[in-house]
Novice: 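Before I ask anything, here is the structure I am working with.
Below, chains carry the letters A, B, ... as their sequence lines are ordered, and counting in each starts from 1.
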Amino acid sequence: MLFPMSVVTRIAPSPTGDPHVGTAYIGLFNHTLAQQSGGRFILRIEDTDRNRYVPDSEKRIFQMMAWLGLTPDESPLQGGPNGPYRQSERFSLYGDYARQLVASGHAYYAFETSDELAALREQAQQEGHVIAIPSRDLDPAQAQARVDAGEAAVIRLKVDRDGETVVNDLLRDPIHFANTEIDDKVLLKADGFPTYHLANVVDDHLMEVTHVVRAEEWITSTPIHVLLYRAFGWAEPVFAHMPLLRNADKSKISKRKNPTSVEWYQQQGYLPEAMLNFLATMGWTHPEGQELFDLAEFQRVFRLEDVTLGGPVFDLAKLRWYNGKYLREVLSEDEVARRLHAFLAQNKVDLPLDDSFRAVTRLMTPRIDVFADFMDKTAYFWSDDYPTDEKAQKAIDAGKELLPDLAAKLKNLPVWEAASIKQMFHDYAEEKGLKMGKVMPPVRAAVAGTMESPDLPEMLEALGRERVAARVEKAAR
RNA sequence: GGCCCCAUCGUCUAACGGUUAGGACACUACCCUUUCAAGGUAGCGAUACGGGUUCGAAUCCCGUUGGGGUCACCA
């Protein structure tokens, strides 16, 4: 299936908190779909709930998208022909559309208070049907008069009391909803702000969105949207509801059970490429079984209809593996060093981006999955003040009598390179009739304070002759 | 609870009526080896259950069970 016309997609996050990994997930597919057809990918901010509004949230959503390389074609930042892209700035639009529906008989003014609604809801619950709003049966002219007189009112969608509404979802069979199961949703709140349902449909239409690709949690409100499109006389877009990312217990992914803020992943030193690659495999697999692929490749082969519908568990272990793979096999050594350096700088670790840093990075890359692991495992490279753990101390004690010899030989080695250092160890082991497993450990323990460290000759080369000699001599005492 | 969606190894998934049900992560073992990793090899491990349809079902249909979502003047 290819979309012949150009596809216009969007994500519509609410600025209510941390930039969510689910937004990134949905963003990936929307961005890709638009790119594939040479269409447009819109980022619209749905900030109609003033109570939940978090001021810097919007900025952080932009940053997340930029970090991932999912830059929108139109957004509050970029602007575009269909702006403004913040619903709060489109405020005046929605009232007119809502009133248009009242005029055409598709919606009505409702005056119930929240207490009354609570009682009605409880009653409806007990009687086993959807809430019925008394205002629905008010005479339109009288209702209008009350509104004109200044009485507080909301505008509700007037849903037919019989028949059914069918939602066509690209990924599923048609979904049938009996209209009796759909309640008369509020479209315009008493404060004049639109609810999600109204604003979303109006904006998607005005912005010429052709494909609504969003999370599965929206399925049950889609019949309302379909009804709205019909009431306005607008063509409905293609709907595709993606599976919801899950916690290990299969519930909808949540802050309490998983890191859901993309900023957390940035702070841990995950690579955006790895994150994207991992996210792409949530509900989709590369047709050739390829595990590693970049955004361009994803765009080349992705087909919406191949998305699977089981709720994918967000497995941090697998994400870590992807990240390690990118570090080891995708990015160049130089690139890894540069990114690691930038990461450390952001964390107030000031190291020069020099050959020594690059050498340590090269040695450590196979030993870390994410950048956050780096400093913990490399303390002995940056300071002489590093801890010596129990195992290392035992190794030092066991080989103490060899250390003076070794210190001298290291000091006097003509060439300070891994190869010659290695040769020296070989020669010395042979001379003493010892195994390498006997001569190397005390030195390793002395210079690193831990047995968990890189190849010894290479590590010594990276450390430099002076530090090595000093540390070995110190341990020999 | 009503409505809706979903269902292959622990996890992500492949299979588009015919395969010893494949791969990846994780786990285990072995190899490599100066430690730890990385890498290599192997192992463990699944079609939720019950009925149909069919020569033949993981695949199609029905039911059951299980999981999830949703029932706001939040999105």
Side-chain angles (χ1 to χ4, degrees), chain A residues 12-16 46-49 51-52 110 112-114 117-118 121 124-126 128-131 152-156 167 169 171-173 175-178 180-183 185-197 199-200 215-223 241 243-244 246 248-252 278 281-287 289-292 308-315 317-322 324 327-329 363-369 377 391-392 395 422 425 429 435-441 443-445 448 450-457 459:
Chain A
S14 288
T16 54
E46 308 222 328
D47 54 352
T48 53
D49 183 351
N51 297 321
R52 293 204 306 154
E112 286 74 14
T113 65
S114 58
L117 287 171
R121 232 183 302 276
Q125 179 91 302
Q126 279 171 9
H129 56 71
V130 130
I131 187 169
V154 300
I155 292 178
R156 284 181 181 272
V167 170
D169 185 297
L171 302 173
R172 294 162 241 266
D173 291 334
I175 307 167
H176 299 254
F177 293 89
T180 50
E181 297 290 339
I182 307 170
D183 61 356
K185 278 276 179 304
V186 171
L187 302 178
L188 199 72
K189 308 176 206 173
D191 62 8
F193 271 80
T195 58
Y196 169 83
H197 305 294
N200 191 266
E216 195 176 20
E217 57 187 331
W218 294 108
I219 286 183
T220 38
S221 46
T222 307
H241 290 91
L244 235 22
R246 309 295 184 89
D249 66 5
K250 293 281 189 182
S251 57
K252 174 163 93 169
F278 170 68
T281 66
M282 302 276 88
W284 183 83
T285 329
H286 190 284
Q290 220 173 296
E291 300 288 342
L292 300 178
T308 55
L309 267 15
V313 171
F314 190 95
D315 183 3
K318 188 141 190 181
L319 209 209
R320 282 185 73 92
W321 174 79
Y322 270 109
L327 251 23
R328 280 173 251 125
E329 295 178 12
L363 293 180
M364 293 311 295
T365 297
R367 295 173 170 80
I368 60 171
D369 282 328
K377 296 191 174 186
K391 267 188 179 164
K422 188 170 185 178
F425 276 107
K435 295 240 183 198
M436 292 287 261
K438 208 70 182 165
V439 277
M440 281 180 158
V443 177
R444 177 186 299 284
T450 170
M451 303 311 286
E452 297 180 14
S453 41
D455 174 78
L456 186 60
M459 176 166 65

Novice: Phosphate oxygens OP1/OP2 of B:U70: is one of them under 4.0 Å from a side-chain N or O of A:Lys252?
Specialist: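 Checking B:U70 against A:Lys252, a side-chain N or O does come within under 4.0 Å of OP1 or OP2.
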Novice: Angle between ring planes, A:Phe314 versus A:Phe278, binned at 30° and 60°: parallel, tilted or perpendicular?
Specialist: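 If you compare the ring of A:Phe314 with that of A:Phe278, the planes turn out perpendicular.
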Novice: Check whether any side-chain N or O of A:Thr195 sits under 3.5 Å from a backbone N or O of A:Val186 as a donor-acceptor pair, and report yes or no.
Specialist: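 Side chain of A:Thr195 to backbone of A:Val186, a donor-acceptor pair under 3.5 Å: yes, one is there.
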Novice: Quick one: A:Leu309 CG to B:C6 C1', roughly how many Å, whole number?
Specialist: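 Atom-to-atom, A:Leu309 to B:C6, this comes out as 7 Å.
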Novice: Determine the Euclidean distance between corresponding C1' atoms of B:A14 and B:C25; express it in Å to zero decimal places.
Specialist: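 Comparing C1' positions in B:C25 and B:A14 gives a spacing of 15 Å.
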Novice: Tell me the closest heavy-atom pair linking A:Met451 and A:Ala392, and the distance in Å.
Specialist: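 It is SD-CA, 4.0 Å.
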Novice: Would you mind telling me which of B:C5, B:A14, B:A75 lies closest to the side-chain atoms of A:Glu216?
Specialist: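 Nearest nucleotide to the side chain: B:C5.
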Novice: In the structure shown, which nucleotide is the Watson-Crick or G-U wobble counterpart of B:C16, with both distances under 3.5 Å?
Specialist: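 WC or wobble partner does not exist here.
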Novice: Determine the contact category for A:Met364: base if any of its heavy atoms lies under 4.0 Å from a base atom, sugar-phosphate if only primed atoms, P, OP1 or OP2 are that close, otherwise nothing.
Specialist: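 If one applies the 4.0 Å heavy-atom cut-off, A:Met364 turns out to touch nothing in the nucleic acid.
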Novice: Which nucleotide in the set B:U70, B:C12, B:A75 lies at the smallest distance from any side-chain heavy atom of A:Thr220?
Specialist: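 For the A:Thr220 side chain, the nearest candidate turns out to be B:U70.
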Novice: Answer with base, sugar-phosphate or nothing: what part of the nucleic acid does A:Thr281 contact at a heavy-atom distance below 4.0 Å?
Specialist: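 Since only primed, P, OP1 and OP2 atoms lie under 4.0 Å of A:Thr281, the category is sugar-phosphate.
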Novice: May I ask you to evaluate whether A:Lys185 reaches the phosphate of B:C74, defined as a side-chain N or O under 4.0 Å from OP1 or OP2?
Specialist: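 No, outside the criterion.
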Novice: Looking only at N and O atoms, is any donor in the side chain of A:Lys318 or the base of B:A24 less than 3.5 Å from an acceptor on the other one?
Specialist: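 Counting by modelled atom types and ignoring angles, a donor-acceptor contact under 3.5 Å is found here.
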Novice: Check this one for me: any side-chain N or O of A:Arg156 less than 4.0 Å away from OP1 or OP2 of B:C73?
Specialist: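 True: A:Arg156 side-chain N/O within range (under 4.0 Å) of B:C73 OP1/OP2.
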Novice: OP1 or OP2 of B:G67 less than 4.0 angstrom from a side-chain nitrogen or oxygen of A:Arg246, does that happen here?
Specialist: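 No.
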Novice: B:C25 P sits how many Å from A:Phe278 CZ, rounded?
Specialist: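 After rounding, the gap between these two atoms is 14 Å.
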Novice: Using atom CG of A:Asp249 as one end and atom P of B:G66 as the other, report the distance to the nearest whole Å.
Specialist: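 Taking CG of A:Asp249 and P of B:G66, I get 17 Å after rounding.
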Novice: Between the base of B:C5 and the side chain of A:Arg172, is there a donor and acceptor pair under 3.5 angstrom?
Specialist: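 No pair found.
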Novice: Answer with base, sugar-phosphate or nothing: what part of the nucleic acid does A:Pro457 contact at a heavy-atom distance below 4.0 Å?
Specialist: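 Base, at least one base atom sits under 4.0 Å.
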Novice: Starting at CG of A:Leu292 and ending at P of B:G39, how long is that distance when rounded to a whole Å?
Specialist: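 Taking CG of A:Leu292 and P of B:G39, I get 11 Å after rounding.
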Novice: So what does A:Arg52 hit on the nucleic acid, given a heavy-atom distance under 4.0 Å: a base, only sugar-phosphate, or nothing?
Specialist: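 Result for A:Arg52 = base.
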Novice: Categorize A:Pro454 for me: base, sugar-phosphate, or nothing, with a 4.0 angstrom heavy-atom threshold over every strand shown.
Specialist: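 If one applies the 4.0 Å heavy-atom cut-off, A:Pro454 turns out to touch a base.
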Novice: Could you measure between the two C1' atoms, the one in B:G45 and the one in B:C31, and give it in whole Å?
Specialist: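 Their C1' atoms lie roughly 23 Å apart.
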Novice: Quick one: A:Ile368 CD1 to B:C36 C1', roughly how many Å, whole number?
Specialist: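 For the pair A:Ile368 CD1 and B:C36 C1', the rounded distance is 14 Å.
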Novice: Of all heavy-atom pairs between A:Leu244 and A:Glu216, which one has the smallest distance, and what is that distance?
Specialist: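 The answer is N-OE1, 3.6 Å.
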Novice: Are the side chain of A:Thr308 and the backbone N or O of A:Gly310 linked by a donor-acceptor pair below 3.5 Å?
Specialist: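 No.
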Novice: Taking atom C1' in both B:U47 and B:G10, what distance in whole Å separates the two?
Specialist: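 Roughly 16 Å separates the two C1' atoms.
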Novice: Quick check against the 3.5 Å criterion: does A:Asp169 have a side-chain atom that pairs as donor or acceptor with the backbone of A:His241?
Specialist: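 Yes, A:Asp169 side chain to A:His241 backbone: donor-acceptor pair under 3.5 Å.
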Novice: Write down the distance between CG (A:Leu244) and P (B:C5), rounded to a whole number of angstrom.
Specialist: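 Checked: the CG to P distance equals 15 Å.
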Novice: Applying a 3.5 Å limit to both distances, which nucleotide forms a Watson-Crick or G-U wobble pair with B:G2?
Specialist: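 WC or wobble partner is B:U70.
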Novice: Of the non-hydrogen atoms in A:Ile131 and A:Leu117, which two are nearest, and what is the gap between them?
Specialist: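 Distance-wise, the nearest heavy atoms are CD1-O, 3.8 Å.
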Novice: In whole angstrom, give me the gap between the P atoms of B:C44 and B:G23.
Specialist: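 Looking at atom P only, B:C44 and B:G23 are 12 Å apart.
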Novice: So A:Gly283, base contact, sugar-phosphate only, or nothing? Heavy-atom distance under 4.0 Å.
Specialist: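 Sugar-phosphate: the residue A:Gly283, judged by heavy atoms under 4.0 Å, touches backbone atoms but no base.
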Novice: Is there a Watson-Crick or G-U wobble partner for B:A7 with both distances under 3.5 Å, and which nucleotide is it?
Specialist: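 B:A7 is paired, partner B:U65.
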Novice: Return whichever of A:Trp284 or A:Pro194 has its heavy-atom-nearest nucleotide of RNA chain B closer to the 5' end.
Specialist: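 Closest to the 5' end, via its nearest nucleotide, is A:Trp284.
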Novice: In whole Å, what separates the P atom of B:U65 from that of B:G50?
Specialist: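 After rounding to an integer number of Å, I get 15 Å for this pair.
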Novice: Checking contacts here: which listed nucleotide (B:C25, B:C4, B:C73) is nearest the side-chain heavy atoms of A:Trp321?
Specialist: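 Closest nucleotide to the A:Trp321 side chain: B:C25.
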Novice: The side chain of A:Asp315 is closest to which nucleotide in this list: B:U11, B:C4, B:A75?
Specialist: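 For the A:Asp315 side chain, the nearest candidate turns out to be B:U11.
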Novice: Quantified in whole Å, what is the C1' atom distance between nucleotide B:C3 and nucleotide B:C61?
Specialist: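 Pairwise C1' distance, B:C3 against B:C61, rounds to 23 Å.
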Novice: Students often get this wrong, so: under 4.0 angstrom with heavy atoms, is A:Gly289 touching a base, only sugar-phosphate, or nothing?
Specialist: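 Touches nothing.
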Novice: Of all the nucleotides listed (B:A75, B:C73, B:C25), which has the minimum atom distance to the side chain of A:Ala317?
Specialist: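 From the listed options, B:C25 comes nearest.
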Novice: Give a yes or no answer on whether the side chain of A:Arg328 reaches the backbone of A:Arg367 with a donor-acceptor pair at less than 3.5 Å.
Specialist: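 No.
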Novice: Between B:A46 and B:U59, how many Å separate the two C1' atoms, rounded to a whole number?
Specialist: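 Each nucleotide's C1' atom is 15 Å from the other's.
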Novice: Looking for any heavy atom pair under 4.0 Å, which part of the strands does A:Ile219 touch: base, sugar-phosphate only, or nothing?
Specialist: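 Answer is sugar-phosphate: A:Ile219 comes under 4.0 Å of backbone atoms only.
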Novice: Tell me what A:Gly128 touches on the nucleic acid: a base, only sugar-phosphate, or nothing, going by heavy atoms under 4.0 Å.
Specialist: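 A:Gly128: no heavy atom of the nucleic acid under 4.0 Å.
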Novice: For B:A75 and A:Thr48 - does any side-chain N or O of the residue sit under 4.0 Å from the phosphate oxygens OP1/OP2?
Specialist: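 Checking B:A75 against A:Thr48, a side-chain N or O does come within under 4.0 Å of OP1 or OP2.
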Novice: Just to confirm, is there a sub-4.0 Å distance from OP1 or OP2 of B:A72 to any side-chain nitrogen or oxygen of A:Arg121?
Specialist: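 So the side chain of A:Arg121 is within the cut-off, an N or O lying under 4.0 Å from OP1 or OP2 of B:A72.
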Novice: Hey, is the side chain of A:Thr308 poking within less than 4.0 Å of OP1 or OP2 on B:U13, counting only N and O atoms?
Specialist: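 For A:Thr308, the contact criterion (side-chain N or O under 4.0 Å from OP1 or OP2 of B:U13) is met.
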Novice: Report the residue from A:Ser14, A:Pro15, A:Pro194 that forms a side-chain contact (heavy atoms from CB on, under 4.5 Å) with A:Glu46.
Specialist: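 That would be A:Ser14.
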Novice: Starting at atom CD of A:Glu112, determine the distance to atom C1' of B:A72, rounded to an integer number of angstrom.
Specialist: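 After rounding, the reported distance stands at 15 Å.
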Novice: How many whole angstroms separate atom CE of A:Met451 from atom P of B:A37?
Specialist: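 Going from A:Met451 (CE) to B:A37 (P), I get 13 Å.
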Novice: Indicate whether OP1 or OP2 belonging to B:C12 is found under 4.0 Å from a side-chain N or O atom of A:Lys250.
Specialist: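 Checking A:Lys250 against B:C12: at least one side-chain N or O falls below 4.0 Å of OP1 or OP2.
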Novice: Does a side-chain N or O of A:Lys189 approach OP1 or OP2 of B:C74 to a distance below 4.0 Å, or not?
Specialist: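 Result: yes.
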Novice: B:C27 and B:G66: how far apart are their C1' atoms, nearest whole angstrom?
Specialist: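 Here B:C27 and B:G66 have their C1' atoms 26 Å from each other.
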Novice: Under 4.0 Å, heavy atoms only, any strand: does A:Val154 hit a base, just the sugar-phosphate, or nothing?
Specialist: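 Answer is base: heavy atoms of A:Val154 come under 4.0 Å of a base.
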Novice: What does A:Pro441 touch in the nucleic acid at a heavy-atom separation under 4.0 angstrom: a base, only the sugar-phosphate, or nothing?
Specialist: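 Touches nothing.
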Novice: On RNA chain B, nearest-nucleotide positions of A:Glu329 versus A:Thr450: which is more 5'?
Specialist: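 Nearer the 5' end of the strand: A:Thr450.
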Novice: Going by an N to O cut-off under 4.0 Å, is there a salt bridge joining A:Arg246 and A:Asp315?
Specialist: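 Looking at A:Asp315 together with A:Arg246, the answer is no, because their closest N to O distance does not fall below 4.0 Å.
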Novice: What does B:G43 pair with, Watson-Crick or G-U, if both distances are under 3.5 Å?
Specialist: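 Base partner found: B:C27.
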Novice: Tell me which nucleotide among B:G69, B:C6, B:A37 gets nearest to the side chain of A:Glu217.
Specialist: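 Shortest atom-to-atom distance from the side chain points to B:G69.
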